[in-house]
Colleague: 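First the structure, then my questions, so here it is.
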Amino acid sequence: EVQLQASGGGLVQAGGSLRLSCAASGFIFDDYAIGWFRQAPGKEREGVSCINSEDGSTYYADAVKGRFTISIDNAKKTVYLQMNSLKPSDTAVYYCAADWGPLDSDSWENVDEYDYLGQGTQVTVSS
């Protein structure tokens, strides 16, 4: 059974940092993509970032470029999202999702492309 466990959320002041983790279990393939999505109250879910396990290629939403960094530990099947210079507009529930096989710049932001969606972790940035 595939499971995705997101953790690392919390309350932080604007300008602060958090690191989210997405631990994947039950994977039987080594070629997969992990994406991070977020959903703020009253807003639609949006793609934040994605990484492909095979070649390490990464994608970012314009809103987080230069502030967030996604990385992967293939041995642990864990993906990290380092979030720096956080803003109140980053406040949301953050979810990680997994897809078998790589995703590209045209597909990574579409949550329907992913096969699994994990539980979320709350990130709150105070002003």
Colleague: Once the angle between the rings of Tyr94 and Phe68 is folded into 0 to 90°, is it parallel (under 30°), tilted (30 to 60°) or perpendicular (over 60°)?
Modeller: tilted

Colleague: Testing the basics here: between Leu18 and Gly8, what is the closest heavy-atom pair and its distance to 0.1 Å?
Modeller: CD2-O, 3.9 Å

Colleague: With a 4.5 Å cut-off on side-chain heavy-atom distances among I, L, V, M, F, W and Y, is there a chain of contacts connecting Val12 to Val93?
Modeller: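 They do not share one cluster, since no chain of ILVMFWY contacts under 4.5 Å joins Val12 to Val93.
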
Colleague: Can you give me the closest heavy-atom contact between Val2 and Gly26, atom names plus distance?
Modeller: CG2-O, 3.6 Å

Colleague: If you look at every heavy atom in Ala40 and Ala92, which pair is closest and at what distance?
Modeller: N-CB, 3.8 Å

Colleague: Show the nearest heavy-atom pair for residues Thr69 and Tyr60, with the distance to one decimal.
Modeller: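 Heavy-atom minimum between the residues: CA-OH, 3.3 Å.
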
Colleague: Can you list every pair that meets side chain to side chain donor-acceptor pair (under 3.5 Å) and has a residue in residues 43-52, with sequence neighbours left out?
Modeller: Arg38-Glu46, Asn52-Ser57

Colleague: Name every donor-acceptor pair, under 3.5 Å, that has one atom in a side chain of residues 79-89 and the other anywhere in the protein, sequence neighbours excluded.
Modeller:
from, atom 1, to, atom 2, distance (Å)
Gln82, NE2, Asn84, OD1, 2.9
Asn84, OD1, Ser17, OG, 2.9

Colleague: May I have the step-by-step check of side-chain contact (heavy atoms from CB on, under 4.5 Å) for Ile34 and Tyr114, ending in yes or no?
Modeller: CA-CA 8 Å; Ile34 299 288; Tyr114 295 78; over 6 Å; no

Colleague: For the residue pair Ile51 and Gly56, what are the closest heavy atoms and their distance?
Modeller: CG1-O, 4.0 Å

Colleague: Would you mind reporting whether Leu20 and Val123 have side-chain heavy atoms less than 4.5 Å apart?
Modeller: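 Of all side-chain heavy-atom pairs linking Leu20 with Val123, at least one is under 4.5 Å.
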
Colleague: How many angstroms lie between CD in Gln5 and OG1 in Thr78, if you round to the nearest 0.5 Å?
Modeller: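 If I round to the nearest 0.5 Å, the distance is 11.0 Å.
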
Colleague: Would you check if Tyr32 and Asn74 make a side-chain contact, meaning some heavy-atom pair closer than 4.5 Å?
Modeller: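 Yes, close enough: below the 4.5 Å cut-off.
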
Colleague: Can Ser107 and Asn110 be counted as having a side-chain donor-acceptor contact under 3.5 angstrom?
Modeller: no

Colleague: Atom OG1 of Thr91 and atom CD of Gln122: how far apart are they, to the nearest 0.5 Å?
Modeller: 7.5 Å

Colleague: I need the Trp36 CH2 to Trp108 CH2 distance, nearest 0.5 Å.
Modeller: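 Result: 13.0 Å between the selected atoms.
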
Colleague: Do you know which two heavy atoms are closest between Gly9 and Thr121, and how far apart they sit?
Modeller: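 Where Gly9 meets Thr121 most closely, the heavy atoms are N-OG1, 3.1 Å.
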
Colleague: About how many Å separate CG of Asp104 and OH of Tyr59, when rounded to the nearest 0.5 Å?
Modeller: 5.5 Å

Colleague: Please determine whether the number of non-hydrogen atoms from other residues, nucleotides or ligands lying under 6.0 Å from atom CD of Gln119 exceeds 12.
Modeller: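 Incorrect, the count does not exceed 12.
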
Colleague: Test of understanding: clusters of I, L, V, M, F, W, Y form through side-chain heavy atoms closer than 4.5 Å, transitively. Do Leu103 and Val48 belong to the same one?
Modeller: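 The answer is no; the residues belong to distinct hydrophobic clusters.
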
Colleague: If you round to the nearest 0.5 Å, how far is OG of Ser53 from CG of Asp99?
Modeller: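 Between Asp99 CG and Ser53 OG, I get 10.5 Å after rounding to 0.5 Å.
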
